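One structure is given here, and the rest of the page talks about it.
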Amino acid sequence: VKSEGPKLVPFFKATCVYFVLWLPTSSPSWFSALIKCLPIFCLWVFLLAHGINFLVSHRSASRILAGLIFSAVGDAFLIWQEQGYFIHGLLMFAITHILYSSAFGMKPLDLKAGLLMSIVSSSCYAFLYSYLSGPFTYLVAVYIALIGFMGWRAVAGVQLCNDLWTWTKLSACIGAMLFMVSDLTIALNEFCFPVPYSRFIIMATYYAAQMLIALSAVETRDEEDFRKRS
């Protein structure tokens with residue numbers, strides 16, 4: 001953790017800039033989109049500095065990098081969500097969750113964690129259902145299924161009971177949970193009722209989630225390098 005901390009300083013600074021400027025959402029602009037996406041750009045640089053890119057075969061880590069790219073595009077769309085780009089942002093983040101799920105992998109399977117996540121996801125959708133209408137009735141169902149699946153794969157990788165966990169797998173798990181909190185807050189605020197301090201909750205949990213998931217990519221790269229040498 002100490003070795004990675006200094007490399008994340010640009011991310012922390014960019015996050016502070018976002019919260020200090022706190023640009024109004026009622027006046028979307030390319031500048032506000034840049035400020036919102038800047039912390040994610042810094043996470044790109046963080047991964048690139050670790051040698052993670054699309055030209056090498058660190059497949060899991062590269063998928064997390066790709067997920068960050070789609071996230072930034074989704075962030076930009078959501079700047080103009082009142083202008084009809086909410087669904088576009090939803091699609092970008094759906095792709096992000098698919099990429100993250102693929103990066104976390106299907107081993108170990110951990111069906112208990114899958115069952116728990118299914119119950120949580122189903123409960124969230126059941127609560128939201130009465131507030132949804134039109135295409136959102138189906139789009140939100142698919143989105144919740146995707147983020148729930150991503151959460152399952154992140155939780156399954158920790159293996160606390162078997163004492164096989166590492167700090168980066170734990171960071172992926174916590175990151176996935178924070179991502180779910182962020183998206184649930186968006187859904188409640190968008191479809192159900194105004195959530196107090198919703199923007200702060202959404203963005204604080206979102207940036208923390210992305211940072212933790214990006215940190216997990218460092219170990220996936222090292223694991224793949226170790227397997228090659230072996």
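Because the structure is predicted, anything quoted here is derived from the model rather than measured.
Closest heavy-atom contact between Ala33 and Ile79: CA-CG1, 3.8 Å. Of all the heavy atoms in Gln83 and Pro28, the pair that sits closest is OE1-CG, 3.8 Å. Minimum heavy-atom separation, Pro194 to Asn189: CA-OD1, 3.4 Å.
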| said: Test side-chain contact (heavy atoms from CB on, under 4.5 Å) on Val181 and Thr185; report intermediate values, then the result. | reply: CA-CA 6 Å; Val181 171; Thr185 307; 4.3 Å; yes
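Between Phe77 and Phe86, the ring center distance fails the sub-6.0 Å criterion. For Phe11 and Phe46, the distance between ring centers is not under 6.0 angstrom.
Counting only heavy atoms from C-beta outward, the side chains of Ile95 and Leu146 never approach each other to under 4.5 Å. By the 4.5 Å heavy-atom criterion applied to side chains, Trp152 and Leu116 are not counted as neighbours. Side-chain contact between Phe104 and Lys169 is absent, with no heavy-atom pair separated by less than 4.5 Å. The closest side-chain heavy-atom distance from Cys124 to Tyr129 is not below 4.5 Å. Contact annotation: the side chain of Asp183 approaches that of Ile186 to within less than 4.5 Å [non-hydrogen atoms, C-beta and beyond]. The closest side-chain heavy-atom distance from Pro39 to Leu43 is not below 4.5 Å. Looking at Tyr100 and Ile147, their side chains never come closer than 4.5 Å, going by heavy atoms from C-beta outward. The side-chain heavy atoms of Ile35 and Phe19, taken from C-beta on, include no pair separated by under 4.5 Å.
Relative ring orientation between Phe127 and Tyr131 is described as tilted, the plane-to-plane angle lying within the 30° to 60° band. Note: Trp22 and Tyr18 have perpendicular aromatic rings, judged against thresholds of 30 and 60 degrees for the angle between ring planes.
A ring pair (Phe, Tyr, Trp, His ring centres under 6.0 Å) with Phe179 holds for exactly one of Tyr206, Tyr143, Tyr207; it is Tyr206.
Listed for the Arg59 side chain is no donor-acceptor partner under 3.5 Å among the backbone atoms of Ser102.
The cluster map of Ile, Leu, Val, Met, Phe, Trp and Tyr, joined by side-chain heavy atoms under 4.5 Å apart, puts Leu178 and Val158 in the same cluster. Under a hydrophobic-cluster definition in which Ile, Leu, Val, Met, Phe, Trp and Tyr are linked whenever side-chain heavy atoms come within less than 4.5 Å, directly or via other members, Phe41 and Phe93 are assigned to the same cluster.
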